Number of protein chains: 2
Amino acid sequence: MADKVTIADVARVAGVSRQTVSNVLNTPDVVRQETRQRVLDVVGELGYRVNQAARQMRTGRSRLIAIRIDPDRDGINGSVLDRFLHGLTDSAARSGYRVLLYTADDDRSEVATFEDLLGAYEPDGFVLTGTHHQDPRASWLLDKGVPFVTFGRPWGKEAEARHPWVDVDGAAGTAAATRHLLDAGHTRIGFLGWPSPSGVGDDRREGWARTLAEAGIDHTDLGRATSDAVADGEAAAHDLLGSDSGVTALVCVSDSLAVGALHAARSPGLAWRVDARPDLPIAVIGFDDTPVAKAVGLTSLSQPLKEAAASCVTLLARILEGTETARASAASPAPVLLEPSLVVRQSA
Amino acid sequence: MADKVTIADVARVAGVSRQTVSNVLNTPDVVRQETRQRVLDVVGELGYRVNQAARQMRTGRSRLIAIRIDPDRDGINGSVLDRFLHGLTDSAARSGYRVLLYTADDDRSEVATFEDLLGAYEPDGFVLTGTHHQDPRASWLLDKGVPFVTFGRPWGKEAEARHPWVDVDGAAGTAAATRHLLDAGHTRIGFLGWPSPSGVGDDRREGWARTLAEAGIDHTDLGRATSDAVADGEAAAHDLLGSDSGVTALVCVSDSLAVGALHAARSPGLAWRVDARPDLPIAVIGFDDTPVAKAVGLTSLSQPLKEAAASCVTLLARILEGTETARASAASPAPVLLEPSLVVRQSA
DNA sequence: TCCATGGGTTTGAACGTTCAAGACGAAGTA
DNA sequence: TACTTCGTCTTGAACGTTCAAACCCATGGA
């Protein structure tokens, strides 16, 4: 029973032509103040809303931003994307865009989905997450001239400046965490990370290594690398804490590994460590400030996801609102690098 | 540089009319086999994809399903929606639909968003989550004749049969959990829930109460109600375990409360309980099988979110594909009630 | 007086698709 | 033979919007 008010209805009631109504909505400055007001009144009165499909057909702009929603890999980190997505939807709406979801199992099928979407729904732009070395998705979009922003910097060096991106400074985060531990009196501070090469993982490791180096502490053999599962974190932490490295604190690349490390630190087999330094209980810091961290009292680094999402929208909108020429030329907006913040809880 | 292949291009190359191409795609049976094949070949060759905007303008169907993405209230439960959303996007794609996101702070603003979306993007249907008593959203959509499905049954009795819904049987879940505890030898089994009235909360409480009653156990004073936060769960569990109720196990309405209960059960102040029955360590079972549950070894009830999402899409698609008559008449498809499954971990 | 200027408005056309109606030939029926 | 039916295909028109161009009228300068 929806009445379906069209621009022609508004025009008729307001006693003007279709085009004038269109002008009131799109380029108000070319319409006489008096007429403009009259039209706006009628628009409100009839509850007119511009039909996207028709507008899109004429202008080629859908006001749609597409983003992929991941299957939560192994649970814990899932909520990060969730929060980012919420921020994105919110910011996009404020800029007059809506968010369209899609899924894909790997890069190849994601590119196939690009083609599908561009052919059918014609989203104005994409937001890519989880960028990695030699990411074929970015190059494909660049190649086709499709506007996009990545949440995650381009890890391949050469592609660096070729598209806009937003990222969180992982190294700055782990550096802050390491300083926090140094301030608490720890000197032998270990790191639980992911195997290299991993853009995100290497970045986070570097902040820890740099900070220890600055403090004049040799970090040789204080690092471990493993895949991102709680059990792996526990094993690696056991290995590190059980050795004669003297480690009393751990910075971890993720909350998953940190939760594992916490288990290890509290395990009976390592009770002697606690007895050895009762003034310095083993400290653990995670990354991402997931709900799990909150639940188990894990100190962790929180990413400003809302801001990151807002930046993505801002950058994308800037490209989309830019002239065709500006879009074609490679003048992509400056990247945005945000700082995570340390949320201190019981674990450190 | 995208070529933008239209139906006219395909028609020209294949040597037929626009309409024939359209028929090949929409009603293949009216086209001669030979012609059909020729057209399909050209479609593949040129990489033609039907333009949604144009199709939508003509047919009034957008092939878009809208759903709200919540701000994760307080963390732990957030990932439930996340997983549901992924399943929804996946199932929708298989049925030829895409998922459009929106946000809203409360029911009123959500209804306002309905109007906005229906006026502009014209989604074919909505999926509502978090249904509750006297939900104004469902009535508004019913009123306007907009197709929708709710994930969560209608809790107001009278509205019961008026729209299709999908839900997970909370009572069946807590009943299974309670039986699991009974089988393990527990008899004094407590329940940590939310204050009544709460559709979901009352339903889950009922499964516990019923099962105890069936086992001939009086559950008076074995239940507690509190808001959904870890600290609240801990306090309530303390209260219940500390009393002389003899409680040795807890079924909880959510993982948040269960995590709190776990803390309480392990707290030094209650060590005497463990000593009293060393054969029966205090058991805790949560609800939702969140990443937190997995991380802390909490036994929990897992909702079949993928199936739930698939059912939502199926029901919605059935309405949308139905004839106009069927849509107008109140013959809404039968509701779907799915069973959660118990994931057993260390805590019970 | 005539023409150029420019602000404000209107008119036709087009975007790509599908609906409704019709055209055409072959085959069946009276 | 003529009329109907059927399968296959084609032709205008329409969905609601915006672009491009034209129109109208008041103003001002030559």
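Labels below follow one simple rule: chain letters A, B, ... track the order of the sequence lines, proteins then strands, and each chain is numbered from 1. This one's a predicted model, so the numbers in the text were calculated from it and none came from an experiment.
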Please list, pair by pair, any protein nitrogen or oxygen found under 3.5 Å from a nitrogen or oxygen in nucleotides 13-15 of chain C.
unit_1 : atom_1 : unit_2  : atom_2 : d
C:dA13 : N6     : A:Arg18 : NH2    : 3.2

Quiz prompt | For A:Phe114, all residues meeting ring pair (Phe, Tyr, Trp, His ring centres under 6.0 Å), sequence neighbours excluded | solution = A:Phe126, A:Trp140
Quiz item: Residues two or more places apart in sequence or in another chain: which of them pass ring pair (Phe, Tyr, Trp, His ring centres under 6.0 Å) with A:Phe148?
Solution: A:His163
Self-check item: Nearest-nucleotide comparison on DNA chain C, the residue closer to the 5′ end among A:Ser17 and B:Ala53
Solution: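 The residue closer to the strand's 5' end, by nearest nucleotide, is A:Ser17.
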Distance (rounded to the nearest 0.5 Å) between [X] [atom1] and [Y] [atom2]:
| X | Y | atom1 | atom2 | value |
| --- | --- | --- | --- | --- |
| A:Arg137 | A:Arg108 | CZ | CZ | 14.5 Å |
| A:Glu321 | A:Ser95 | CD | OG | 7.5 Å |
| B:Ile7 | B:Leu25 | CD1 | CG | 6.0 Å |
| B:Leu88 | A:Ile69 | CG | CD1 | 9.0 Å |

Practice problem: Might you confirm whether atom CD of B:Gln33 has over 12 heavy atoms from other residues, nucleotides or ligands at distances under 6.0 Å? | Solution: yes
Exercise. Would you tell me if any nitrogen or oxygen in the side chain of B:Ser22 comes within less than 4.0 Å of OP1 or OP2 on C:dT18?
Key: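 Looking at the OP1 and OP2 atoms of C:dT18, one of them is under 4.0 Å from a side-chain N or O of B:Ser22.
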Whole angstroms only, please: what is the [atom1]-[atom2] distance between [X] and [N]?
| X | N | atom1 | atom2 | answer |
| --- | --- | --- | --- | --- |
| A:Arg36 | C:dG7 | CZ | C1' | 13 Å |
| A:Asn23 | D:dT17 | CG | P | 14 Å |
| B:Leu25 | C:dT17 | CG | P | 9 Å |
| A:Gln56 | D:dC19 | CD | C1' | 17 Å |
| A:Asn26 | D:dA20 | CG | P | 13 Å |
| A:Ile7 | C:dT11 | CD1 | C1' | 14 Å |

All N/O donor-acceptor pairs, side-chain side in residues 11-18 of chain A, below 3.5 Å, sequence neighbours left out:
unit_1  : atom_1 : unit_2  : atom_2 : d
A:Arg12 : NH2    : A:Asp9  : OD1    : 2.7
A:Ser17 : OG     : A:Thr20 : N      : 3.4
A:Ser17 : OG     : A:Thr20 : OG1    : 3.2

Self-check item: Residue pair B:Asp106 / B:Ser109, side-chain heavy-atom distance below 4.5 Å
Solution: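 B:Asp106 reaches B:Ser109 side chain to side chain.
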Quiz item: Of the residues in residues 27-35 of chain A, which ones touch DNA chain D at a heavy-atom distance under 4.0 Å?
Solution: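 Heavy-atom cutoff 4.0 Å gives no residues at all.
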Quiz item: Looking across every strand, which nucleic acid part, if any, lies under 4.0 Å from B:Thr20 by heavy atom: base, sugar-phosphate, or nothing?
Solution: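 Since a base atom lies under 4.0 Å of B:Thr20, the category is base.
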Quiz item: Between A:Glu122 and A:Gln56, does any side-chain donor sit less than 3.5 Å from a side-chain acceptor?
Solution: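 On atom types as modelled, these side chains qualify, holding a pair under 3.5 Å.
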Filtered N/O pairs between nucleotides 20-27 of chain C and protein, under 3.5 Å:
none

Quiz item: Hey, does the Lys NZ or Arg CZ of B:Arg63 hover above the aromatic six-ring of B:Tyr97, less than 6.0 Å from the centre and inside 45° of the axis?
Solution: yes
